[in-house]
Amino acid sequence: MRTALQCLQLLVQRGMIDAERLLQTLFECQAQVAEIMGVEKETISRMENGVISPTLPRLQQIAEILECSPSDLFRTGPASIADHAQSIGEMIQDLPANERTLVVNFVSEVVKARGLACGEEDEAAR
């Protein structure tokens, strides 16, 4: 099974994602989190890289900003399909039925268009 980073690398290699745009988006996200927290972007970078350890209140703040639980910040392995399904379900639960259907249809089309780019080898191994 591939990690999220490996999937992104594969999509960049296949020309499906612009690497420069991806890096810029990640940089902007880090800057936005830093701004919301009232710290320097470098502080967020040092936390991500394990150079410094955030306090428990900071972990809670980061989790709130990223709309996840503090325990999600400590996942070491890839999330299971059930974890992904639960996360998507939580994200779309308050949408009207027609918009939830749009999201499901969109995911279906992405999977078809990508030819299961991140999972086709996994399926063959099963």
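- Here the shortest heavy-atom pairing between P70 and A63 reads N-CB, 3.7 Å.
- Proximity of V110 to F106: side-chain heavy atoms (C-beta onward) are separated by under 4.5 Å at one or more points.
- Applying the 6.0 Å contact sphere to CD of E40 captures no more than 12 heavy atoms from other residues, nucleotides or ligands.
- Shown here is E42, whose CD atom has more than 12 heavy atoms of other residues, nucleotides or ligands within 6.0 Å.
- Listed by first and then second residue, the salt bridge (charged side-chain N to carboxylate O under 4.0 Å, His left out) pairs involving residues 101-111 are E109-K112 (not counting sequence neighbours).
- Residues V39 and R58 meet the side-chain proximity criterion, which asks for heavy atoms closer than 4.5 Å.
- Follow the hydrophobic side-chain contacts under 4.5 Å out from V107 and you never reach V104; the two are in separate clusters.
- Pairs passing the side-chain hydrogen bond (donor to acceptor under 3.5 Å, both in side chains) check and including a residue from residues 90-102, sequence neighbours excluded, read Q86-E90.
- Atom-to-atom distance recorded for M37:CE and Q32:CD is 14.0 Å, nearest 0.5 angstrom.
- Grouping the Ile, Leu, Val, Met, Phe, Trp and Tyr side chains by contacts below 4.5 angstrom, directly or via other members, places I52 with I65.
- Between M91 and V103 there is no side-chain heavy-atom pair separated by less than 4.5 Å.
- Cluster membership check: L56 shares its hydrophobic cluster with M47, using side-chain heavy-atom separations under 4.5 Å among Ile, Leu, Val, Met, Phe, Trp and Tyr.
- To the nearest 0.5 Å, the span separating CD1 on I62 from CD1 on I36 amounts to 11.0 Å.
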